[in-house]
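Heads up, the thing below is written out as structure tokens.
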Amino acid sequence: MINVYKKCPVYQTEHVTLRKTEMDDAEELLWCYSDEKSVPFFNSDNCDGDDFHYKKIDVMREAIEFWNFSYENSYFVRWSVVMNDNSQVVGTIEMFHRAIDDEFNGMGILRIDLRSDQERKPIIGDILEIADKHFYKLFDVSHILTKAVPEATERISVLKEKGYRPLGKKLGQYDFYYIK
């Protein structure tokens, strides 16, 4: 089995390529993380108050440094979402194996952060396709949990189409999770 923390795989679908986030992505990612329409869709649960609303390039670079530190220490993987048609970086996803002694232990958490103009069915669908095909085994998880606030109607629609269902309870102290 591949150790994702030794060699980070690259995944490609019809619309997107997922590859490990690099410092060179900072300027394009700032478009996503400074997009006020996108911020409410980000999953910042358990992120020590960071809402991922970044307005300055140095703050974006600090976030990428932290993501790379977290990868090197096997906490989580952050992939950049690259559009295949124009090579633009339009957001990131994060995935990790949740190891907390509760009923959700051993499940994966998938965070999806996209620019508001890319919060669309084809992009979200391709990300979920990759997760469904690879992440259960890659992260040794029984289920994948992902957050979708009620305003994320397109995301919720795609989640349901891909077989995700509302969790129906809080994940710790947090609401709006879907599970598959």
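Heavy atoms only: backbone and side chains are in, while hydrogens, waters and symmetry mates are out. Residue numbers run from 1 in the order of the sequence given.
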Rounded distance [0.5 Å steps], [atom1] in [X] versus [atom2] in [Y]:
{"X": "Trp79", "Y": "Ile112", "atom1": "CH2", "atom2": "CD1", "value": "12.0 Å"}
{"X": "Phe69", "Y": "Glu62", "atom1": "CZ", "atom2": "CD", "value": "14.5 Å"}
{"X": "Leu145", "Y": "Ile109", "atom1": "CG", "atom2": "CD1", "value": "4.5 Å"}
{"X": "Met83", "Y": "Arg115", "atom1": "CE", "atom2": "CZ", "value": "8.5 Å"}
{"X": "Leu138", "Y": "Cys8", "atom1": "CG", "atom2": "SG", "value": "8.0 Å"}
{"X": "His15", "Y": "Glu129", "atom1": "NE2", "atom2": "CD", "value": "10.0 Å"}

Are [X] and [Y] connected, step by step, through hydrophobic side chains (Ile, Leu, Val, Met, Phe, Trp, Tyr) whose heavy atoms are closer than 4.5 Å?
{"X": "Leu18", "Y": "Val141", "answer": "yes"}
{"X": "Ile130", "Y": "Tyr136", "answer": "yes"}
{"X": "Met107", "Y": "Tyr75", "answer": "yes"}

Quiz item: Passes salt bridge (Lys or Arg N to Asp or Glu O under 4.0 Å), Asp126 versus Lys121? Steps please.
Solution: CA-CA 8 Å; Asp126 279 11; Lys121 184 176 182 174; over 6 Å; no
Check this for me, if you would: do [X] and [Y] make a salt bridge, where the nitrogen-to-carboxylate-oxygen distance has to be below 4.0 angstrom?
{"X": "Lys37", "Y": "Asp35", "answer": "no"}
{"X": "Glu154", "Y": "Arg120", "answer": "no"}
{"X": "Lys180", "Y": "Asp132", "answer": "yes"}
{"X": "Lys170", "Y": "Asp175", "answer": "yes"}
{"X": "Glu22", "Y": "Arg78", "answer": "no"}

Practice problem: Go through the steps to decide whether Val77 and Phe135 satisfy the test side chain to side chain contact (heavy atoms under 4.5 Å, CB included), and finish with yes or no. | Solution: CA-CA 11 Å; Val77 179; Phe135 289 178; over 6 Å; no
Quiz item: Do Thr21 and Thr92 have side-chain atoms, one donor and one acceptor, less than 3.5 Å apart?
Solution: no
Quiz item: With distance as the sole test, does His97 use its side chain to make a donor-acceptor pair with the main-chain N or O of Gly108 at under 3.5 Å?
Solution: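 No, the answer is negative, given that no donor and acceptor are paired below the 3.5 Å cut-off.
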Exercise. Begin from the C-alpha positions of Tyr5 and Asn73 and carry the test side chain to side chain contact (heavy atoms under 4.5 Å, CB included) through to its verdict.
Key: CA-CA 8 Å; Tyr5 296 106; Asn73 288 279; over 6 Å; no
Quiz item: Can the positive tip of Lys147 be found less than 6.0 Å from the middle of the six-membered ring of Tyr178, inside 45° of the ring normal?
Solution: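 Here Lys147 fails the 6.0 Å and 45° test against Tyr178.
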